[in-house]
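I have placed the structure first, in the form of structure tokens, so that the comments after it can refer back to it.
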Amino acid sequence: MKNHEVAKILAEIGEYLDMQNVPFKPRAYEKVAGVVDGLEEDIAVTYERGGIKALGEIPGVGVSIAEKIEEYLETGRIKYYEELKKKTPVDLSTLTQVEGLGPKKIKKLYEELRIKNLDDLEKAAKAGKIRKLESFGVTSEENILKGIEFLRKSGGRFILGFAMPTVKEIEDRLGRLKEVKRVVVAGSVRRRKETIGDVDVLVVSSKPAPVMDYFTSMPEVINVYAKGDTKSAIKIKNGLDVDLRVVPVESFGAALNYFTGSKDHNVALRRIAMDKGYKLNEYGLFRGKKQVAGKSEEEVYETLGLDYVEPELREMTGEIIAAGKHKLPKLIGYNDLKGDLQTQSSWTDGANSIEELAQAALKAGLEYIAITDHTKRLAMTGGLDEKGLLKQMAEIDKINKKLKSRKVKITLLKGTECDILKDGSLDIDDKTLSQLDVVGVSVHSYFNLPKEEQTKRIVRAMKNPHVDILFHPTGRVLNKRPAYEVDMDEIIETAVSTGTVLEVDALPDRLDLKDEYVRRCVEKGVKIAIDSDAHSVTHFAYLEYGISQARRGWATREDVINAWPLEKMLKMLK
DNA sequence: GCCGTTTTCGGCCCGACTGTTTTCAGTCG
């Protein structure tokens with residue numbers, strides 16, 4: 001996969017141009033770098049498939065950048081980039097990660113002190129050389145040293161579901177201050193991105209000073225980047241950066257909108273505002289000096305002639321056009337799930353008994369869950385064979401009866417998370433599968449098969465007449481391992497032709513399917529299931545993150561089979 | 001350097017904070 005290396009070079013070209021004060025081009029390169037990095041297809045494959053024309057179809061890629069990408073793919077280098085690099089031969093992508101250092105300062109550091117990389121920078125700072133440079137000073141030097149230390153220690157993004165308890169705690173504490181009228185977490189947290197880089201907290205208060213004092217002196221604060229009347233920024237112990245903005249009540253909606261992003265969504269809104277003769281900023285929507293909207297987000301969208309856009313959709317993937325045409329979907333709600341179709345019990349690697357899972361699910365507001373323990377191929381989990389499954393089915397019948405007699409309103413379904421073997425055959429015979437309510441299948445081995453073989457393997461499994469759901473379809477684990485190579489278009493086509501459901505596994509580090517695949521399923525009419533993949537009673541809480549991912553994929557309640565009543569859901573299954 | 005059912009040329013989001021400046025450039029989001 002060449003996308004990341006191509007993106008990195010494009011981003012560096014942008015920074016080099018920034019160094020030279022070239023107007024506008026830096027933004028073009030910066031933007032296209034982000035696009036290329038996020039491409040799902042390997043850009044080398046795109047090029048093989050359609051040549052330079054296909055490259056030009058990537059948003060943000062025009063003639064000039066397409067040529068440069070082609071040059072890189074053909075020769076492994078880009079002359080233009082190398083010339084820029086020759087002039088200022090520094091490790092740009094690392095140095096720009098140092099908080100407070102941008103292209104201009106890096107240029108100066110190179111020209112005056114020959115600083116090329118992080119080590120040079122650290123040495124110079126420690127030797128007190130940086131403070132002597134014009135427009136630098138003692139504070140800058142100290143900040144650089146701090147920045148280097150943080151960069152070496154942390155770096156990387158945080159998984160939303162794992163960072164959320166910390167975020168909620170800060171939110172709650174700020175909310176309890178008497179000077180705080182309202183507190184909301186905006187940014188990528190509110191958009192429910194699967195990973196977050198930092199946290200943007202918005203507060204309404206007429207007395208910001210004590211709020212800022214409290215915020216910057218919380219016990220977990222390890223650095224204060226900035227502290228002012230309207231904005232402060234800190235880093236906390238676990239490495240997370242948190243920004244706090246204080247806004248007046250009449251600007252709350254505009255500020256919430258602005259700080260929720262995404263950046264591209266905001267830019268588009270501002271353009272629409274300008275076209276209509278308004279000005280939109282974080283303080284409100286203005287005509288001349290008069291504020292015409294901004295108290296609430298709804299008001300802002302409405303005044304611009306748009307329907308309200310849910311935060312999860314604000315990624316500039318067509319939501320603004322849809323909002324203008326009143327064609328946004330009514331997303332599945334956070335309380336809409338009635339069931340959970342993947343849970344593991346103590347029969348294999350789950351921590352709790354079937355009955356404990358049932359009770360916990362009931363508490364989580366569910367009406368039915370499928371018990372889907374592993375199968376024998378996963379020996380280390382004590383995976384069940386046909387005999388074990390039959391035994392478990394009998395046990396589930398017994399527990400269902402017991403629950404019913406006690407008027408406990410939850411139904412247990414008999415299921416399996418059956419292993420897909422290397423050749424696409426299944427780990428359990430058809431006869432046994434045919435007796436289950438819910439047959440889920442998944443890949444737990446041979447992650448490194450060539451794309452074609454992996455795709456063929458999974459397609460074969462999906463074509464089994466008993467298979468209902470493909471669990472965690474791409475096998476990725478965030479911050480740990482990438483998805484295996486698989487042709488998702490073919491998987492989705494197979495789901496269409498076989499009526500197989502694709503899962504959104506809600507474990508915070510899986511979230512598999514991811515949003516863009518959910519969206520493709522929704523477009524193709526493929527149904528999805530949002531499952532906790534619970535291995536303990538506490539894991540039902542993760543369903544929330546699966547719902548977020550589905551919402552980010554534009555899914556409605558109709559698209560999600562476990563948002564349906566039990567009878568209707570069962571009819572959907574094979 | 002990209003983009004466009006207002007444009008194939010002329011636009012390109014904009015405000016806060018910091019540090020080192022005596023009025024602003026650089027960085028960030």
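Letters A, B, ... mirror the listed sequences (proteins, then strands); counts begin at 1.
- Within the 4.0 Å cut-off from OP1 or OP2 of dT18(B), not a single side-chain nitrogen or oxygen of Thr139(A) is found.
- Ion pairing between a basic and an acidic side chain is recognised when a charged N comes within 4.0 Å of a carboxylate O; Lys129(A) and Glu112(A) show no such pairing.
- The distance from atom NZ of Lys104(A) to atom P of dT27(B) is 6 Å, rounded to the nearest whole Å.
- The phosphate of dA16(B) (OP1 or OP2) has a side-chain N or O of Tyr283(A) nearer than 4.0 angstrom.
- For the OP1/OP2 pair of dC13(B) and a distance below 4.0 Å, the side-chain nitrogens and oxygens of Arg271(A) include at least one atom meeting the criterion.
- Base pairing of dC28(B) is made with dG15(B), judged by Watson-Crick or G-U wobble geometry with both donor-acceptor distances under 3.5 Å.
- Between Asn143(A) and dG19(B), a side-chain N or O to OP1/OP2 separation shorter than 4.0 Å is present.
- Remark: Glu71(A) does not engage Lys79(A) in a salt bridge, criterion side-chain N to carboxylate O under 4.0 Å.
- Applying the 4.0 Å criterion to OP1 and OP2 of dG26(B), one finds that Lys108(A) has every side-chain N and O outside that range.
- For dC17(B) and dC13(B), the P atoms lie 22 Å apart once the distance is rounded to whole Å.
- In the set dC17(B), dT27(B), dG15(B), dG15(B) carries the atom at the smallest distance from any side-chain atom of Lys279(A).
- Stacking annotation: Phe136(A) is not stacked on the base of dT20(B) (requires ring centroids less than 5.5 angstrom apart and an interplanar angle below 30 degrees).
- Salt bridge absent: Glu312(A) and Arg314(A) never bring a charged side-chain N and a carboxylate O closer than 4.0 Å.
- At the heavy-atom level, Val63(A) lies under 4.0 Å from the strands shown only through sugar-phosphate atoms.
- Position along DNA chain B of the nearest nucleotide to Arg245(A) versus Lys25(A) favours Lys25(A) as the more 5'-ward residue.
- In the set dC2(B), dG26(B), dA16(B), the nucleotide with an atom closest to the side chain of Ser64(A) is dC2(B).
- Here, dC2(B) and dT6(B) have their P atoms 23 Å apart, quoted to the whole Å.
- Ion pairing between a basic and an acidic side chain is recognised when a charged N comes within 4.0 Å of a carboxylate O; Lys235(A) and Asp241(A) show such pairing.
- For Phe24(A), taking side-chain heavy atoms from C-beta onward, the closest of the listed nucleotides dT6(B), dG15(B), dC12(B) is dC12(B).
- The distance between atom CG of Asp275(A) and atom P of dC12(B), rounded to the nearest whole Å, is 10 Å.
- Salt bridge absent: Glu319(A) and Lys327(A) never bring a charged side-chain N and a carboxylate O closer than 4.0 Å.
- For Tyr258(A) against dG15(B), a side-chain-to-base donor-acceptor contact under 3.5 Å is absent.
- The side chain of Ala226(A) lies closest to dC17(B), out of dC14(B), dC17(B), dG1(B).
- Taking atom NE2 on His265(A) and atom P on dC13(B), their separation rounds to 15 Å, with Å as the unit.
- Each of Gly62(A) and Ser140(A) was matched to the nucleotide of DNA chain B holding its nearest heavy atom; the match closer to the 5' end belongs to Gly62(A).
- In this structure, the NZ atom of Lys132(A) is 19 Å from the C1' atom of dG19(B), given to the nearest Å.
- If you check every strand for non-hydrogen atoms under 4.0 Å, Lys68(A) touches sugar and phosphate atoms only.
- Using a 4.0 Å cut-off between charged nitrogen and carboxylate oxygen, Arg190(A) and Glu297(A) count as a salt-bridge pair.
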